[in-house]
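All chains are named by letter (A, B, ...) in the order of the sequence lines, taking the proteins before the strands, and each is independently numbered beginning at 1. What you see is a predicted model, and the numbers here were worked out from it, not measured in a lab.
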Amino acid sequence: MSQNLDQQVIFTVTLPDGTAKPFPAGSTGMDIALEIGRRLAREAVAIKIDGRAVNLSAPVTADCSIEIITFDSPEGKEIFWHSASHIMAHAIEELFPGSKFGAGPAIEQGFYYDVSSEHRFTEEDLKAIEERMLQIAGRDIRIVREEMPRVQAIEYFRTVREDPYKVEILTDTLKETETVSLYHEDGFTDLCSGPHLFSTAALKAVSLFNISASYWRGDQSRESMQRIYGIAFPSEKLLKAHLTALEEAKKRDHRKLGQELELFMLSPEIGSGLPVWLPKGAVIRQELESFLKEEQRRRGYHPVYTPHIGNINLYKRSGHYPYYSDSQFPPLTYHDEEGKAEQYLLKPMNCPHHHLIYSSKMRSYRDLPVRLAEFGTVYRHEQSGELNGLVRARGFTQDDSHIYCRPDQLVDEICNAIDLTRYVFATLGFTEVETRLSLHDPLNPAKYGGTADVWEQAEKDVKEAADRMKIKYFIGIGEASFYGPKIDFIVRDALGRKWQLGTVQVDYVMPERFDLTYIGSDGQKHRPIVIHRAPFGSMERFIGVLIEHTAGNFPLWLAPVQAIILPIAEDVHNYAAEIRDAMHAAGIRVELDLRNEKIGRKIREAELAKIPFMVIVGQKEKEGGTVSLRRHRIGDEGAFSIQEMTEKLLNEIATKGLTTKPTTNA
RNA sequence: GCUGAUGUAGCUCAGUCGGUAGAGCACUUCCUUGGUAAGGAAGAGGUCAUCGGUUCAAGUCCGAUCAUCAGCUCCA
């Protein structure tokens, strides 16, 4: 314990459980952790003093409440991984002298560091870097914080470290900061606000798993750097667990399951990013569409259909054209006999078509809201590197709707759209949905249409609706659409990557551009407001994420094959066919396995195909007029009469497997 | 689009130093008629992504193109 014999000032340190302990002035986080327990000191990553995370080497300077941060907490992981990124840079510098370092933060699953080097890093290099990192950890180097005036730090990085990137950060990003902090670990020093680990020794296991390109400061016009990704743990065991979890996640990948379960396919002969639905996948999509169509009918939507192409002028009028020009398929140009050219665009969005439907006739204030809905297929030429199975495609179908309403109806209508979206998510079992309030970026006005007033109003409306619906949201600046703010519903895939699914958007801009009107009670023309909304977002992406969410074990109502009849031997084939006919007649998607195989094999294959119910019949069942029912992943459920079994399945289909109906305001 | 990796039978993958193509599963036929996660045998199946180059000789080496994967940038 650090002591100052001259003046034994004692501070009271309060622990998270409420106990207060005296510590002499100058005691560090490490001293306190050691006092509480050896094990805690060993696992400690940093210390929180009065809510602020600092280094374990920081001394206590007043009465305070503290909390020891360990790797178990999200904060602890962040600090741990951030330190690991420094150790990686340290290792790279030792192995590849002359490397310069850009940014090296902790991320959700590990860390990365952007490195500029003459050397092209390979996977073999990663192994060498991993080894060197563990070696540096073995050296048990104290990680020391040093504060210095910014000007001095600039000089330091210019002359001692010769790192232009850190100099740029210091002269640019940190120009308002007077004093900055440096972290030293032996020969290596980085500019960093910290906090960091007490010593490199805490790092016990590391895995570097990826190298990719990134631009310095994410700016395509700046130099390209090599970004090295890794993850590190305070024990080998934790790393193993992490790698196992990754393996498991890969098994859920919708592209893998989509192929194994014959749901969809992609073919270069059709075109990249253009998924094709196979019969089994089409069943899922159709069931979901029916489900939403039914719900929309109940909520006063009107279905419409619009063509897959439209005159280019339509999109110029809507204002979509310039904003989407990067991601459009080139226009189709048609020359008539006089050589006059007309240009058509593959529909990149449905909105303009719906707006024309709205304005096809006079609308009274009494008619509003008008809700036009369509499963509209759109085409966007996304960058090749962006394509990803069903979740990022070039042709996809939005469950689109445009709601035209009066200002006094707007917030109610947003709420209704939110409610529908939530209902859809709850029914499909998505409980962990993040909601983002996507607002415009005032610093980048070129990205948006409409006036400042209109944006202020629209963002106020969206917030009001979100608050009224008691949504827990986070704010995404710059995430708005060009025509308005939106509420986005985001779900993660098996690998933890985020995908935006449902969306509700407010739009004051399109009504102006399309001169949309309704006649108010005063007999005058008024401007309606448009809500764009899509609960699924796109059928492709939604089903892609659903495949990963369920690992291909779809609820009965969505299962492409709901039951398979497995006769034990040929003498019951007729009986099995009778059951198949009865189930067919009841509307159950059933198959019959008449192959000359043993029952064990038939069951195995049905299990692998993730078919929810196996209906097993042999002599015993034929005599009793029963079936033996086996449930996927669960096992034998016993004997049922044919009627009982059919009703059991029909009931589960009707309730969508939910014991309680999701709540809704509608 | 950028950086890197990958592309061999329907699927999953071997293929050494450059010497002319291999397994398992699936498929077809035959045997087997069985009780809750793989019965047996035989057969068929390939322009080694495509195009070009080096070489006596290319699945293997080189280049380009296409596609896929990871990440970056961008979006439902």
Side-chain angles (χ1 to χ4, degrees), chain A residues 107 112 114 120-123 126 209-216 218-221 224-229 250 253 255-256 259-260 262 265-273 323-324 326-327 348-350 376 378 380-400 438 479 481 486 488-490 495 497 499-503 505 532 534-542 544-545 566-573 596-609 614-621 628-638:
Chain A
I107 52 179
Y112 67 77
D114 286 343
R120 282 255 156 267
F121 293 101
T122 64
E123 303 208 351
L126 294 190
F209 53 85
N210 201 358
I211 314 165
S212 77
S214 67
Y215 298 102
W216 171 233
D219 182 344
Q220 247 165 312
S221 65
S224 179
M225 302 183 81
Q226 301 180 73
R227 178 170 295 181
I228 302 181
Y229 288 84
K250 276 190 193 146
D253 190 307
R255 292 162 298 195
K256 185 174 155 67
Q259 185 184 43
E260 285 171 5
E262 297 178 12
M265 61 176 266
L266 289 156
S267 159
E269 291 188 74
I270 293 167
S272 70
Y323 293 103
Y324 280 81
D326 291 345
S327 62
M349 67 286 304
N350 305 300
V378 297
R380 299 181 189 172
H381 193 92
E382 303 295 352
Q383 300 182 81
S384 55
E386 265 317 306
L387 301 176
N388 182 324
L390 288 180
V391 294
R392 194 72 192 276
R394 285 183 175 161
F396 57 95
T397 302
Q398 297 175 318
D399 53 328
D400 215 350
S438 301
E479 299 286 349
S481 165
K486 51 192 185 133
D488 294 316
F489 296 83
I490 297 162
L495 288 172
R497 291 178 297 202
W499 295 102
Q500 181 195 318
L501 297 177
T503 182
Q505 316 176 350
H532 308 241
F536 290 131
S538 95
M539 301 314 293
E540 285 77 6
R541 179 177 289 180
F542 190 89
V545 176
L566 308 178
I568 285 169
E570 223 171 300
D571 55 352
V572 291
H573 277 190
N596 179 9
E597 295 292 351
K598 289 192 177 173
I599 192 66
R601 165 161 229 148
K602 291 184 183 182
I603 287 171
R604 175 181 156 79
E605 289 178 12
E607 286 286 349
L608 292 175
M614 281 147 267
V615 179
I616 297 160
V617 292
Q619 263 315 318
K620 201 171 73 188
E621 286 77 14
S628 168
L629 196 60
R630 179 187 164 107
R631 196 177 183 118
H632 171 51
R633 294 201 297 169
I634 293 181
D636 196 355
E637 302 231 305

When the distance from [atom1] of [X] to [atom2] of [N] is rounded to whole Å, what number comes out?
X	N	atom1	atom2	answer
Glu269(A)	rA49(B)	CD	P	15 Å
Ile211(A)	rU6(B)	CD1	P	12 Å
Gln259(A)	rC11(B)	CD	P	6 Å
Glu260(A)	rG10(B)	CD	C1'	14 Å
Asp114(A)	rC72(B)	CG	P	10 Å
Gln226(A)	rU3(B)	CD	P	11 Å
Phe396(A)	rC74(B)	CZ	C1'	13 Å
Arg392(A)	rG71(B)	CZ	P	13 Å

Salt bridge (Lys or Arg N to Asp or Glu O under 4.0 Å) partner of Glu607(A), chosen from Lys602(A), Arg630(A), Arg601(A), Arg633(A)
Arg630(A)

Remember a base hit wins even if backbone is also touched, and classify [X] as base, sugar-phosphate or nothing at under 4.0 Å, heavy atoms.
X	answer
Tyr229(A)	sugar-phosphate
Leu566(A)	nothing
Glu382(A)	base
Ala393(A)	base
Lys486(A)	sugar-phosphate

Kindly say if Gln398(A) contacts the phosphate of rA76(B), meaning a side-chain N or O under 4.0 Å from OP1 or OP2.
no

Can you name the closest pair of heavy atoms from Val545(A) and Leu501(A) and give their distance?
CG2-CD2, 4.1 Å

Nearest heavy atoms of Ser214(A) and Asp114(A), plus distance in Å:
OG-OD1, 3.1 Å

Dot-bracket for RNA chain B, please, read 5' to 3', with Watson-Crick or G-U wobble pairs under 3.5 Å on both distances, ( ) within the strand, [ ] crossing, | other strand, . unpaired.
(((((((..((((.....[..)))).(((((.......))))).....(((((..]....))))))))))))....

Indicate for each nucleotide in nucleotides 33-43 of chain B, in 5' to 3' sequence, whether protein heavy atoms under 4.0 Å reach the base (B), only the sugar-phosphate (S), or nothing (-).
BBBBBBB----

Would you kindly check whether a donor in the side chain of Arg541(A) faces an acceptor in the base of rC75(B), or vice versa, at under 3.5 angstrom?
yes

Look only at the side chain of Arg380(A) and the backbone of Pro348(A), and say whether a donor-acceptor pair between them is shorter than 3.5 Å.
yes

Verify, without hydrogens or angle tests, whether Arg541(A) (side chain) and Gln500(A) (backbone) share a donor-acceptor contact under 3.5 angstrom.
yes

Contacts under 3.5 Å, N or O only, protein and nucleotides 66-69 of chain B:
unit_1, atom_1, unit_2, atom_2, d
rC69(B), OP1, Arg255(A), NH1, 3.2

